[in-house]
Amino acid sequence: MKHGGKRGTGRNSYGRITMRHRGGGHKKLFRDVDFSFNKKDIPAKIASIEYDPMRSAFIGLAVYRDGEKRYILIPKNVKVGDKFIVSETAEVSNGNRIPLGKIPVGTFVYNVELKPNGGAIMVRSAGNFAEVVAQDAGYTHLKMPSTEIRRVISTAWASIGEVSNDEHRLVNLGKAGRSRWMGIRPTVRGTAMNPVDHPHGGGEGKQGRGLRRAKTMWANHPAKARRRAARKKYSNVFILSRRKVGKRNK
């Protein structure tokens with residue numbers, strides 16, 4: 001259930017850097033976490049709660065009644081010895097997993113599928129949850145952690161509760177070395193570079209950038225462009241309300 005593997009160091013198959021500021025870092029063992037939840041109608045018990053270096057939330061070792069063991073992403077307020085079940089007839093209680101169409105409005109969910117039996121792919125980071133805001137015409141409306149309201153087919157499954165380790169957002173790395181342990185390399189400001197290395201570089205002392213708008217080091221697109229959703233993405237039809245961008249988005 002644990003194994004090594006090649007680290008994501010920001011390089012492609014040719015060895016060229018495609019994502020800057022990544023490399024090094026401490027060795028990690030990858031935990032095979034179950035996001036498919038294909039053991040239905042078999043009760044399970046949490047045998048241990050563990051730290052996973054690959055993710056922000058805690059994981060738990062679930063022991064099913066038939067003896068099989070799997071790692072799962074655990075919700076908030078779960079303790080060793082607590083039980084859960086994946087079933088269409090399960091109660092709406094913390095940790096249980098049921099189809100979205102059977103979850104009451106106002107309930108918090110995580111580990112959300114986009115397609116039935118497609119595996120949990122949304123709402124998996126520490127402290128996150130989506131809120132069921134409506135049930136309509138075979139679709140469930142979910143308010144995502146980003147404040148986006150999205151339609152998901154009601155036969156997709158989700159787990160009840162909030163993802164564990166909600167204090168992860170309060171962590172202060174404290175020193176540069178801890179960033180290096182995590183595989184994060186330094187980010188150098190463009191103004192601190194030479195003109196040959198960046199459009200903002202050069203000058204005697206501290207200089208303004210000398211340009212109307214900020215540029216990237218390749219000088220080919222705006223550096224401070226606002227993040228936007230793809231205009232023609234296939235899933236746009238399922239978005240009822242776009243996420244609110246900015247600090248005051250909740």
Side-chain angles (χ1 to χ4, degrees), residues 1-12 15-33 35 46 48-61 71-80 108 110-112 120-130 144-148 159 161-194 197-201 206 209 214-218 221-228 243-250:
M1 299 177 75
K2 298 180 183 178
H3 58 83
K6 193 175 184 304
R7 292 290 306 281
T9 53
R11 285 162 170 77
N12 63 12
R16 295 175 184 143
I17 294 174
T18 53
M19 186 170 290
R20 299 163 66 209
H21 319 308
R22 290 192 176 187
H26 201 286
K27 278 190 174 180
K28 300 176 184 178
L29 285 178
F30 184 83
R31 279 77 167 164
D32 282 321
V33 179
F35 290 112
I46 302 296
S48 66
I49 296 175
E50 302 178 20
Y51 165 77
D52 186 352
M54 293 291 189
R55 63 189 70 251
S56 55
F58 296 131
I59 59 174
L61 184 62
Y71 277 126
I72 64 163
L73 201 64
I74 62 169
K76 189 176 175 182
N77 299 327
V78 162
K79 304 181 293 296
V80 171
F108 292 166
Y110 71 104
N111 262 356
V112 181
I121 62 172
M122 297 193 298
V123 195
R124 303 190 333 193
S125 296
N128 277 355
F129 59 87
M144 309 301 289
S146 63
T147 69
E148 175 182 286
S159 300
E162 309 173 32
V163 185
S164 56
N165 195 21
D166 58 334
E167 294 184 355
H168 172 77
R169 60 189 175 84
L170 304 176
V171 171
N172 180 4
L173 296 185
K175 61 178 185 179
R178 190 170 171 193
S179 289
R180 300 308 301 267
W181 301 340
M182 297 171 68
I184 304 170
R185 298 189 67 244
T187 302
V188 179
R189 294 167 295 126
T191 54
M193 298 182 189
N194 292 321
D197 298 315
H198 200 282
H200 298 173
K206 189 171 183 179
R209 65 175 176 245
K215 287 185 178 179
T216 65
M217 64 189 303
W218 304 278
H221 60 83
K224 293 187 177 180
R226 185 179 131 192
R227 288 179 62 187
R228 297 177 185 275
R243 63 194 180 94
K244 299 177 180 65
V245 180
K247 293 181 180 179
R248 300 172 184 170
N249 62 348
K250 292 184 179 180

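The structure displayed is predicted, hence computed values, not measured ones.
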Participant: Please determine whether the number of non-hydrogen atoms from other residues, nucleotides or ligands lying under 6.0 Å from atom CZ of R22 exceeds 12.
Facilitator: no

Participant: Measuring from atom CZ of R31 to atom CG of D52, what distance do you get when rounded to the nearest 0.5 angstrom?
Facilitator: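 Between atom CZ of R31 and atom CG of D52 there are 5.5 Å.
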
Participant: Please confirm whether R124 makes a cation-pi placement over Y110, using NZ or CZ under 6.0 Å from the six-membered ring centre and within 45° of the ring normal.
Facilitator: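 That pair does not qualify as a cation-pi contact.
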
Participant: Can any side-chain N or O of H21 pair as donor or acceptor with the backbone N or O of P186 at less than 3.5 Å?
Facilitator: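 Side chain of H21 to backbone of P186, a donor-acceptor pair under 3.5 Å: yes, one is there.
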
Participant: With rounding to the nearest 0.5 Å, note down the distance linking NE2 in H168 to CZ in R55.
Facilitator: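 Here the rounded value is 12.0 Å.
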
Participant: Which label fits F108 and F129: parallel for a plane angle under 30°, tilted from 30 to 60°, or perpendicular past 60°?
Facilitator: parallel

Participant: Taking all heavy atoms of A126 and all of S56, pick out the closest pair and write down the distance.
Facilitator: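 Here A126 and S56 meet closest at N-OG, 3.0 Å.
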
Participant: Starting at CE of M144, measure out to CZ of R243 and round the result to the nearest 0.5 Å.
Facilitator: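 Separation between the atoms: 12.0 Å.
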
Participant: Calculate, to the nearest 0.5 Å, the distance between atoms OG1 and NZ belonging to T147 and K244 respectively.
Facilitator: 5.0 Å

Participant: Got a sec: does the CZ of R185 have more than 12 other heavy atoms crowding it under 6.0 Å?
Facilitator: no

Participant: Looking at G15, is its backbone amide N or carbonyl O close enough to the side chain of N12 to form a donor-acceptor pair, meaning the two atoms are under 3.5 Å apart?
Facilitator: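 Pair found, side chain donor or acceptor close to backbone of G15.
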
Participant: Surrounding NE2 of H3 (heavy atoms of other residues, nucleotides or ligands, distance under 6.0 Å), is the total greater than 12?
Facilitator: yes

Participant: If I compare all heavy atoms of K28 with all of M54, which pair ends up nearest, and what's the gap?
Facilitator: CB-CE, 3.7 Å

Participant: If you compare all heavy atoms of I59 against all heavy atoms of V33, which two are closest, and at what distance to 0.1 Å?
Facilitator: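 Taking I59 first and V33 second, the nearest heavy atoms are CG2-CG2, 4.1 Å.
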
Participant: Side chain of R178, backbone of A176: donor and acceptor closer than 3.5 Å?
Facilitator: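 No, the answer is negative, given that no donor and acceptor are paired below the 3.5 Å cut-off.
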
Participant: Decide if atom CE of M19 counts as having more than 12 heavy atoms of other residues, nucleotides or ligands within a radius under 6.0 Å.
Facilitator: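 Result for CE/M19: open.
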
Participant: Report yes if the side chains of E162 and N128 come closer than 4.5 Å at any heavy-atom pair, otherwise no.
Facilitator: no

Participant: In Å and rounded to the nearest 0.5 Å, what is the CG to CG distance from L73 to N165?
Facilitator: 10.0 Å

Participant: Step by step, work out the side-chain hydrogen bond (donor to acceptor under 3.5 Å, both in side chains) result for E50 and S48.
Facilitator: CA-CA 6 Å; E50 302 178 20; S48 66; 3.1 Å; yes

Participant: Enter the distance from K175:NZ to R180:CZ here, rounded to the nearest 0.5 Å.
Facilitator: 13.0 Å

Participant: Is the shortest side-chain N to carboxylate O distance from K2 to D32 below 4.0 Å?
Facilitator: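 So K2 does not pair with D32 through a salt bridge.
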
Participant: Mark yes or no for whether S164, through its side chain, and I74, through its backbone, hold a donor-acceptor pair below 3.5 Å.
Facilitator: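 Confirmed, S164 side chain pairs with I74 backbone.
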
